[in-house]
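This report concerns only the one structure given below.
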Amino acid sequence: MTSSVEGEPSSCLSLVFSIPVRVSLPLVPRATTLVISLDLKFTDQAVVSLRQTIHRLLNISRVSIILPCSLEILNSAYKEVRSILRLFKELDERSGLVDKNRSDDEFKFTKMRRLRNYDIFRDKKRSRRMGFRGYGERMKSLDGKVRVAACKLEDALETHFVNLNNEEHHPSSLTSLDLEELIKQDVNSFTKTLKELKGYMKEEELEDDDDDDDVVSSRIDFGGNKSKMVGFSDEFRQIKDLLHGDDKSVNFVSLVGMAGLGKTTLAEELFEDSSILEWFDHRVWVTVGPRYQFKDIVQSILSQVNPNVGEILVQGYELDNKIRECLEGRRCLIVVDDVWDVEITRHMKHLIMLANRGSRDKLGSLILLTTRQEKVGMDDTGERRRPEIHMLKLRFMTKEESWDLLRDKLFGEQSCPPQLEKAGKQIAENCDGLPLTIVTVAELLSKVDDMTPEYWNKVAEKENSIFIDAYDQMSKVILRSYNYLPQYLKACFLYMGIFPQKYDILFSKLTMLWTAEECFLPESKYFIKLQVFLLQHLDELIGKSLVLVRQRSYNHKPKTYGLHSALWHSCMREAERNKFFHVLNNYADSLITESIRNQRRLCIHNNILFGLKDVHKSMESISTVRSLLCTGPHHQYPVPVCFGLRLLRVIHALTIRFYEFPVMELMKLVLLRYLALTYDGKLPPSISKLWNLQFFIVRRHLSIINLYEDELYLPMEIWDMKELKHLQIMGSDLPSPCDGALLPNLLTLADVSARSCTEGVLKGLPKLGKLGIRIELAPDTAEHLCCFDHISHLDKLESLKCVVVNPALKSEVIAPLSSSPHFPEKLRKLSLSGLGYQWEDMKVIASLPNLKVLKLRCYAFQGPKWDTHEMGFPLLEFLLIEDTDLVNWTVGRGSFSKLQCLNLKHCYKLQEIPRKFRGSLTSIEIFDCNPLVVTCAKEMQKNRSNMEVNAHSSWDDGKLKA
């Protein structure tokens, strides 16, 4: 990155706010100073959005000139950002974590060397003097000012651009963009705020904040009348056996789980267990928290083992000797509770190695660590030093355990009144297995005099404030995990809250929305790289116990995500407070208050609100809204959706049915990048005026579409929408392009029929990686449908799905698969349904060199016999066969050599599973198949210890419907 901002205007300004820097500040009283990420790609989603807006204006072809005066103004803002970045670098160097001119690799090496040498005194005096909590409050205030100033500047830029586009002349006639008078004041405000932040960061002293909430503490006597532990009996026994040395290779156990799950309670129960008291010579309890000095941790451990140990004033090898002297030859249980930093885990591994040196043939000391973060609980740093950590991820309580805990907290040894039991079980179930929620709800219920079934039923149906009050009380504990997130993860976490409670969030949907929002974008032009980038963020949030994985694929990768109800409630509160989004669920939510003013996103969880005049008027008054997200239940009747918000980038309204396409309203939204709605008619040619649109989804209200011949195709103007990345118009097809037109950025084309699979269309989609074909057969169809004749033109295609929604299996409507050319070699995932091919045609698919997932549904292939030839399906990992008349299936030598998971559903005639599958097969799922298939699978399992077999049948499970 060059240091100069002079030169070509477009090239210099396209770099505004894009320079990355990592800053470490000595603001936390701990031996290893907290690293605060100030990489401007992620620090604040408002600044990232502003960066993208400026970059887009500078590079848009419809604006040929940005006047010099405007360039000068933006250069001024850019220089201010440069100067504050230099200050951050200076503070990083002054903190002692990074030496001047040292590379990142040298820094990492030096840091790890310092960890191994136990340098626990570095910057001790300075870190104690600079209070993190006080710093945080002042920084929050300045951060808010920066956000407001960035939003105001972006609003001014986009409003001016929208005004120019909506004037009488066509946008293509724009020749200049004069922003001097319009944005000068906003730029000045932005740069002034940055200078204020810079001045604050230069101060040598910050106010001291003596907050003992997070400091290291010791605790041996838990005091009080300790109640019995309810639930987690299996986990208790498992860890207890490990502590007793049943596995001599384990001397480090970690408990991992979200806040309020009961990690500390379980550790306390083990700590106080009578057999543990007898087994260990000493028991040590240290509570760490987010702020710590490792010196204090070591001091606490040694002083609890030997009260005569004085203050530790040594380090390095001398400290190692002192630890060995104090712990060697003793059997100690060391509980390290509430750990937030992986460096503690590494230090404790070193400590336990010292304590157990020379104890190979006898049981020594053991560490039990609790943490919210999986990374901390497993120390996944690439180091394979002993001791290895046995990590236990604590689960949520079952329905039965939840009811037992609620009943115990409310009635103790007494029984629950029978008339309250049904509602009580529902209340316990509504806590979603989180002990903290159960205990908090029980505490609130115990204070209510009304113990009638009527009142408890209201609580069970969430018709009163009990659960809301419980979540509010828990928020301090729950939000602690959020408060210690870097900025870029905070934004990602908050965005999960736009969906309703307990909603299964598809990764593909998140990726599209986040891309359109442009608040989470890395420095990349490639959508596929963005998917990897966002997946890493979600993995981080999962590892920090903030996001749940609802469903996983065959290879255990996440398919859908969600938030626990307690986290969802806290997310909603925090998002509203930070002006991240505002939810409208009832009339009161729409009133003009401070909470709704200046919001960037409106989430409509109750679509009928659009029909209320006051609500509609209230929403239209919020000119700053960029996203309108209708994620409530489906509403089949038309309501006047608020399209008057001219700066909208995202409209997600699939749950609202449109009887007429809102042409006039939508054509004014020139910034729109994501549009999803439900509409049964034909799209107008003017849709191409939405030239910024990247994601276009139209679903049909009716499952079977019967359009007139002239309504089968999208307008020809669709080929003018060059920014499209995702196109999904159910029941419509792409017309053949004129003059070699292309959609150069289209990656996904879904819900089109075989009519879209012509040579001209597919050649016009050079980057297409995912294709979904949806075929509806007319009753009198006589022509052959050739779905795959030209599929080889898609040389980047990785995923292909073809479904006949109303299959006619005895007809010859679908052309034989063997007559088609080869599939693209990059194809990794293939899903077929209702096509009625013969099993002999499978050889075309069996030869695909990179195919990993194959799903065959609803007589995709038919016939009684399938003979797989030798060496077929070389890389296939997952195979689903559902609803088929297959009877005999044989596997040739070397076929399915990589198959991991086999799913069989509704294969009533199949006699057995081939026994020639290689050892890679680890999972067989069977649902409603011939009992002989189940018997065969269980026999195969006997010879393979790593194979899992799950068999379900409607007649045994009681799920068979009459």
Side-chain angles (χ1 to χ4, degrees), residues 682-683 697-700 702-716 718-719 726-737 741 743 746-766 768-824 827 829-838 841-842 844-845 848 854-862:
K682 185 177 181 180
L683 297 178
I697 303 169
V698 178
R699 289 185 185 167
R700 305 295 183 179
L702 302 174
S703 58
I704 301 295
I705 309 301
N706 293 308
L707 297 177
Y708 295 107
E709 187 66 29
D710 63 338
E711 294 180 329
L712 291 174
Y713 290 96
L714 294 170
M716 185 64 69
I718 198 77
W719 290 96
H726 180 104
L727 182 60
Q728 183 177 359
I729 314 295
M730 185 183 293
S732 296
D733 287 288
L734 277 174
S736 294
L743 289 177
L746 194 69
L747 301 174
T748 299
L749 177 64
D751 286 343
V752 296
S753 79
R755 289 180 294 269
S756 289
C757 297
T758 64
E759 182 177 7
V761 170
L762 298 186
K763 280 186 175 181
L765 311 174
L768 197 69
K770 186 174 183 180
L771 174 62
I773 304 171
R774 185 179 187 273
I775 300 173
E776 298 176 15
L777 299 177
D780 55 351
T781 298
E783 61 176 327
H784 281 284
L785 291 179
C786 301
C787 306
F788 309 124
D789 282 3
H790 306 289
I791 203 77
S792 59
H793 293 294
L794 301 175
D795 56 357
K796 289 183 169 53
L797 191 70
E798 293 189 0
S799 176
L800 174 61
K801 182 177 183 179
C802 184
V803 176
V804 179
V805 296
N806 55 339
L809 301 177
K810 300 302 181 182
S811 68
E812 298 295 333
V813 175
I814 308 298
L817 186 62
S818 57
S819 66
S820 301
H822 292 295
F823 287 95
L827 195 66
K829 183 176 180 179
L830 178 62
S831 180
L832 304 175
S833 177
L835 293 165
Y837 291 132
Q838 298 299 311
D841 296 337
M842 182 61 79
V844 178
I845 298 173
L848 292 174
L854 177 61
K855 298 180 180 180
L856 307 174
R857 293 188 174 96
C858 192
Y859 286 78
F861 287 79
Q862 60 182 337

Heavy-atom check, side chain of L794 versus side chain of L827, under 4.5 Å: no

L832 side chain near I845 side chain, heavy-atom distance below 4.5 Å: yes

Any donor-acceptor N/O pair, E798 side chain to G769 backbone, under 3.5 Å: no

Side chain proximity check, P824 to I791, heavy atoms < 4.5 angstrom: yes

Minimum side-chain heavy-atom gap D789-C757 below 4.5 Å: no

From I775, V803, L856, residue fulfilling side chain to side chain contact (heavy atoms under 4.5 Å, CB included) relative to S833: V803

Side chains of K770 and K801 in contact at under 4.5 Å (non-hydrogen atoms): no

Spacing of CG belonging to L747 relative to CG belonging to L768, to within rounding of 0.5 Å: 7.5 Å

Spacing of CD1 belonging to I697 relative to NE2 belonging to H726, to within rounding of 0.5 Å: 4.0 Å

L765 CG to H793 NE2 distance, which is reported to the nearest 0.5 Å: 11.5 Å

P807 vs L835 side-chain heavy atoms within contact, under 4.5 Å: no

Approximate separation, where rounding is to 0.5 Å, of L771 CG and D751 CG: 10.5 Å

Separation between CD1 of I729 and CZ of R699, rounded to the nearest 0.5 Å: 11.5 Å

Short side-chain to backbone donor-acceptor contact, W719 and L734, under 3.5 Å: no

By salt bridge (charged side-chain N to carboxylate O under 4.0 Å, His left out) - contacts of R857 (at least two apart): E882

With sequence neighbours excluded, residues passing side chain to side chain donor-acceptor pair (under 3.5 Å) with S753: D733, R755

Taking every non-hydrogen atom, the tightest pair across N806 and E776: OD1-CA, 3.5 Å

Any donor-acceptor N or O pair under 3.5 Å, side chains S732, R700: yes

Heavy-atom pair with the smallest gap, counting every atom of M842 and F861: CE-CE1, 3.5 Å

Check: F788 and I773 side chains under 4.5 Å, non-hydrogen atoms: yes

Closest contact, heavy atoms only, L762 versus S756: CD2-O, 3.8 Å

For K763, side chain to side chain donor-acceptor pair (under 3.5 Å) partners two or more places apart: E759

Contact summary for M716 and S736, nearest pair of heavy atoms: CE-O, 3.3 Å

